[in-house]
Every structure is written in C-alpha cells, then in structure tokens.
Amino acid sequence: MHNKIYITVMSVVFIAATIILTTFPRPKYSEVEKRDLAQFPEWSVSKLAQGTWTSEVSSWFSDSEPYRERLMTLSMKIKDLERLVLSDDNVTFHAADDMMEEGEMEEAVEEEEELGKYSNNVSTEGKAKMAHAGIIIVGSGSNVRALMAYGGVNGGGKFAKMANTYQEEIGERVRIYAMVIPNAAEYYLPESWKKRSKSQLATLKSIQEQLSPDVTFVNVYNTLGNHADEPIFLRTDHHWAPLGGYYAAAEFAKSAGVDFKDLDSYERKEVKRFVGTMYGYSKDISIKEAPEDFVYYVPKDIEYTTTYLTYTTNKDYKITKVSGPTTERFFYRFKDGGSGAYSTFMGSDQRVTHVSTSVGNGRKVLIIKDSFGNTIPGYLFYSFEDIFVIDNRYFHLNLKKYIEQQGITDLLFACSTFNAYGNAFSKNCLEILHQADGKSIVK
C-alpha cells in the first residue's frame, strides 16, 4: 500500500515538473544576476554534427527554467537562516567563505600624512557578515550595505606610467589629471573587519608617488571621507552614488581652476526602490529587501546639447559597428524599481559622448573613465565649454589625433581603485592613444 502511495505521489510530482519545465514561460533576463539568460539556440546541420547544438539546448534549458528568480530568492532566504554563530564582536559569519589570515592586512598609513587625512561622523562598528563572492554585508534592515573587499596592495605603477606617457606625448597642449576613486569598503567597514580588505589608501599613495610632477593628482579620498556621513555611496550597488560624484567633480574643478556650482543650481531627481548590482553579486536576500532611492542632480540654468557616437558590440564586447552622431538627452529617466538606474548618465558605457555647453570659456575637457566616471560629467556643464567622455573599453579612433582635432585643453582619467590597480584600464588607454582609426572594429 505504502509503495503504491509513494509511486503515485512521485508520478504526480514528475508529471507536474515536466509540464512546468516544458510549457510555462521562460525568463529572458535575471534581475538577481543582472544578465541576459541563455536563449534557445539557432539550429544548423553543422552545429548538430559537431554536437554543439544539443549542448546549447541543454544550457538554455537549465539557465532559463520557469520561476527561476523565485526559486533563487527562496534559496537565499534559506541560506540567510543558515548563519553559524554570533561572535563576541557582533559579526555574523557564513560557512561557505574562506577567511583571510591576519598577516595579510596592509599596514595602516600614519594619520598625519596629508593623503588620507579626513574626519567624519560615521560609526565604524556594527554587525556584519560575509556573503557570496567575498561581499561583506554590513548592518541590517533598511540600512544594510553591501561592500566589496579590496585585494590590492601598493601597486598602481602601470596606471601612473600610462598617465605619465600621456603627459609626455600631449602634455604641452593638454593638462593631465588623475582621479582614482576608492569604493565604499574604505569608509564603511567595521573596524573589526578591516583585516578582510586591503588598504585602498596605500594604492592611492603609491600611484601619487609614481606620477610625473606635471600630472595633477586629484585627491578625492579625503573629500569623500569628509562627506562619508552623507549618502555618497550606494548601499545596494558597487558604484558610488551621484552625490559622491558631485564632491569629486568639485575637487577636479578646483584642480582645473574652473567655475563650479553648488547643488542649489541642480534639480534633484530620484528613482525609488532601486536595488543595484550587489544583490546579484552577494546573493544575499537582505540586499533585495532593503531598496534605496537613487538620487541624481540635473543642471537647471545652462544650455547644452549632447551628441553621441554609439557602438554595437558582439558577445565578447568587441565593437562591430559605429552609429551616429545622434543628438539625444544626457540624463535618462528610469522608472521606480528599475535596476538600471546607474545608466541614468549617457544611457550606456558603449558610447562616445560630446556635450556642448553655453559656458564659452574655451576650456574643453576629455574624460577617460570606467563606469565610476559616469557620474562626473553632468556636474561640469557650468565649468567647461565642451565635455567629451570616452569609456576606456570602447573607442575606435586614434585618440591622439582626436584630442588635437577637438581642441582638448584638459584630460581627466577617472576610474576606481580596482581598475587603477589592475592592468586592463591602463592597457586600453595606451592602445587607443596610438591605434589607427577603425582598427578596433571587428568584422
């Protein structure tokens, strides 16, 4: 009797699962992982002969199962209940992550040194836990914050050498500036957890020391530290908040000797219920359950026109086509609850942006940036006659010639500590400086 009940129940479960997996709608995008899911592959005889078609079908089937997001969310909730112990310093640990050794922590930089000297009212103690992929979750409830630990040391030599190369090759006509942007872990990690993340200040000091005296180092480390009790970093995203970009842009304008307006000259806008990239990175349900307001600022009393060259890329993010120029908006409006709000500025990294303003001071700035640099240009509409923006990963012309043709007077490198420490940003910047027009476009 028991065997018949078991067989009946299992048969019903199997039939139900088969119906759900084969007939229910399949998602195309993962909000948790912030990526497009696998699509059903195009059939061909050659793919079938090589055995790749059946492999692609299998990948599509497993990657896009119905109710995928709900199942992942349920899994996160269960894992959140699987915490081990609450230690004496009120830090919650997760079992799956390896811990750094005490000796791996970078020694602290002395307080009296000029770079790294700031004060704020932020408490650096509190509850924290290690989540997926080394993400550290600090706090709880509506104030929870996800932090990405930094693994670098002094370093940054290739970034400094790259900036120095630009100074040597175009410095007679163009002022060169270097802005390296720390991430939130530098300011918000509890004291008892600082051994989990290396010192970003040490990397910034190393870069500053290796820069040519003719390259201006824009110190945003202290500036951000002085405003760390304000919402200058996003809690649910690995980027800084637009307000952080505002204070950094002010520091750059001071270094460049151009006018800069306070926030009263901007209209405050917001996207409510924003949850950024850290939900997908950490796979921690507390991030999803603590959405934040994405607040940005639009200049009010300035005339400007924004023109784009837009890149089409392949699956490897290589440029396959260049479209434009087109005249469009600079600030893109995202609906409340939208996860893409960080693309408010310029809409995409895969563009060359030119903003022509009514300032008329003859100053023309080129910003070569990673995604952290996206927030900066919108605060410079009162400061420069022309603003050009290039992402280090996407440019199809000879940059040295482009700088001369556009009459660039100021060039700012703006990137995160991670990219300044790594190799790709510097390598890309050197390549585009000398590449032949159109060389980076693949067929």
Side-chain angles (χ1 to χ4, degrees), residues 109 113-118 154-182 200-227 240 244-261 359 361-370 372-390 392 399-400 402-404 406-417 419-421 425-426 429-430 432-433:
V109 179
E113 296 187 22
E114 183 178 350
L115 181 59
K117 195 174 182 181
Y118 67 86
N154 293 335
K158 291 187 177 179
F159 177 87
K161 185 177 180 181
M162 176 274 295
N164 293 343
T165 298
Y166 270 71
Q167 173 61 37
E168 292 167 5
E169 299 209 14
I170 63 174
E172 290 184 6
R173 305 179 304 278
V174 181
R175 303 175 185 90
I176 309 296
Y177 309 83
M179 178 191 294
V180 180
I181 304 158
Q200 294 177 64
L201 176 57
T203 299
L204 268 64
K205 285 180 61 62
S206 175
I207 290 171
Q208 184 183 30
E209 291 167 358
Q210 296 178 74
L211 285 173
S212 162
D214 296 321
V215 176
T216 301
F217 181 78
V218 182
N219 176 16
V220 300
Y221 186 93
N222 296 352
T223 300
L224 295 173
N226 288 328
H227 293 279
W240 58 356
Y246 168 79
Y247 289 122
E251 197 64 38
F252 167 59
K254 186 192 303 181
S255 297
V258 293
D259 292 338
F260 192 79
K261 300 288 188 181
V359 169
N361 63 358
R363 299 287 291 273
K364 302 184 177 186
V365 63
L366 169 63
I367 301 172
I368 303 178
K369 54 87 181 176
D370 63 8
F372 269 73
N374 291 3
T375 64
I376 296 172
Y379 297 116
L380 300 177
F381 291 7
Y382 300 105
S383 306
F384 290 89
E385 182 174 314
D386 290 279
I387 302 158
F388 298 83
V389 187
I390 292 172
N392 74 97
L399 184 59
K400 191 172 182 180
Y402 181 82
I403 289 170
E404 185 175 351
Q406 302 299 339
I408 302 299
T409 60
D410 301 83
L411 190 155
L412 171 67
F413 294 104
C415 70
S416 68
T417 313
N419 274 326
Y421 181 80
F425 184 92
S426 301
C429 289
L430 289 174
I432 63 177
L433 180 63

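This is a predicted model, so every value here is computed, not measured.
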Using only atom types and a distance under 3.5 Å, with no angle test, would you say the side chain of Tyr166 pairs donor to acceptor with the backbone of Leu411? no
Tell me if a side-chain donor or acceptor on Asn361 pairs with a main-chain N or O of Ser383 at a distance below 3.5 Å. yes
Are Arg175 and Thr216 side-chain neighbours, meaning at least one heavy-atom pair lies under 4.5 Å? no
To the closest 0.5 Å, what do you measure between CG (Leu412) and CZ (Phe388)? 14.5 Å
To check you understand the geometry: which heavy-atom pair defines the closest contact between Tyr221 and Leu115, and what is its length? CB-CD1, 4.2 Å
Those residues that, when tested against Glu251, pass side-chain hydrogen bond (donor to acceptor under 3.5 Å, both in side chains) (two or more places apart): Thr223
For Leu224 and Gly244, which heavy atoms make the closest approach, and how far apart are they? CD2-O, 3.9 Å
Closest heavy-atom pair, Tyr246 versus Lys261, reported as atoms and distance to 0.1 Å, is OH-O, 3.4 Å
What one should report as the nearest heavy-atom pair of Ile376 and Ala414 is CD1-CB, 3.9 Å
Steps toward side-chain contact (heavy atoms from CB on, under 4.5 Å) verdict (Leu399, Ile368): CA-CA 11 Å; Leu399 184 59; Ile368 303 178; 3.6 Å; yes
Between Ala163 and Val215 the two heavy atoms that sit nearest each other are O-CG2, 3.9 Å
CD/Glu404: more than 12 non-hydrogen atoms of other groups inside 6.0 Å: no
All salt bridge (charged side-chain N to carboxylate O under 4.0 Å, His left out) counterparts of Glu169, not counting sequence neighbours: Lys400
By side-chain hydrogen bond (donor to acceptor under 3.5 Å, both in side chains) - contacts of Thr417 (at least two apart): Gln200
Indicate whether the side chain of Ser212 and that of Asn164 have a donor and an acceptor atom separated by less than 3.5 Å. no
Between Asp214 and Ile176, is the side-chain contact (heavy atoms from CB on, under 4.5 Å) condition met? List the steps. CA-CA 8 Å; Asp214 296 321; Ile176 309 296; over 6 Å; no
Nearest-0.5 Å distance that lies between atom CZ in Arg363 and atom CG in Asp386: 12.5 Å
Could you go through Phe381 and Ile387, starting from their C-alpha distance and side-chain angles, then the distance that decides it, and tell me whether this counts as side-chain contact (heavy atoms from CB on, under 4.5 Å)? CA-CA 8 Å; Phe381 291 7; Ile387 302 158; 3.4 Å; yes
Distance-only, no hydrogens or angles: does the Thr409 side chain make a donor-acceptor pair with backbone N or O of Lys364 under 3.5 Å? yes
Could you tell me the separation between the OG atom of Ser255 and the CZ atom of Phe217, rounded to the nearest 0.5 Å? 10.0 Å
Nearest 0.5 Å, what's the OG-CG distance between Ser426 and Leu430? 7.0 Å
Parallel, tilted or perpendicular for Phe425 and Phe413, by the 30°/60° rule? perpendicular
Is the Tyr247-Tyr379 ring centre distance short of 6.0 angstrom? no
Atom pair CG (Asn222) and CG (Leu204), whose distance is rounded to the nearest 0.5 Å: 9.5 Å
Could you check whether any side-chain N or O of Asp410 sits under 3.5 Å from a backbone N or O of Tyr177, counting only pairs where one atom can act as donor and the other as acceptor? no
Candidates Ile367, Val220, Val365 - the one meeting side-chain contact (heavy atoms from CB on, under 4.5 Å) with Phe252: Val365
Could you please spell out the steps behind the side-chain contact (heavy atoms from CB on, under 4.5 Å) verdict for Lys158 and Met162? CA-CA 6 Å; Lys158 291 187 177 179; Met162 176 274 295; over 6 Å; no
Does Asp259 have more than 12 heavy atoms from other residues, nucleotides or ligands lying within 6.0 Å of its CG? no
Residue pair Ala160 / Leu211: nearest heavy atoms and the distance that separates them: CA-CD2, 3.8 Å
Could you tell me if the side chain of Asn419 sits less than 4.5 Å from the side chain of Phe372, heavy atoms only? no
At what distance, to the nearest 0.5 angstrom, does CD of Glu385 lie from CG of Leu380? 14.0 Å
Keeping Gln210 on the side-chain end and Ser206 on the backbone end, is there a donor-acceptor pair under 3.5 Å? yes
I want to check something: taking the side chain as every heavy atom from C-beta on, are Ile408 and Ile170 in contact at a cut-off of under 4.5 Å? no
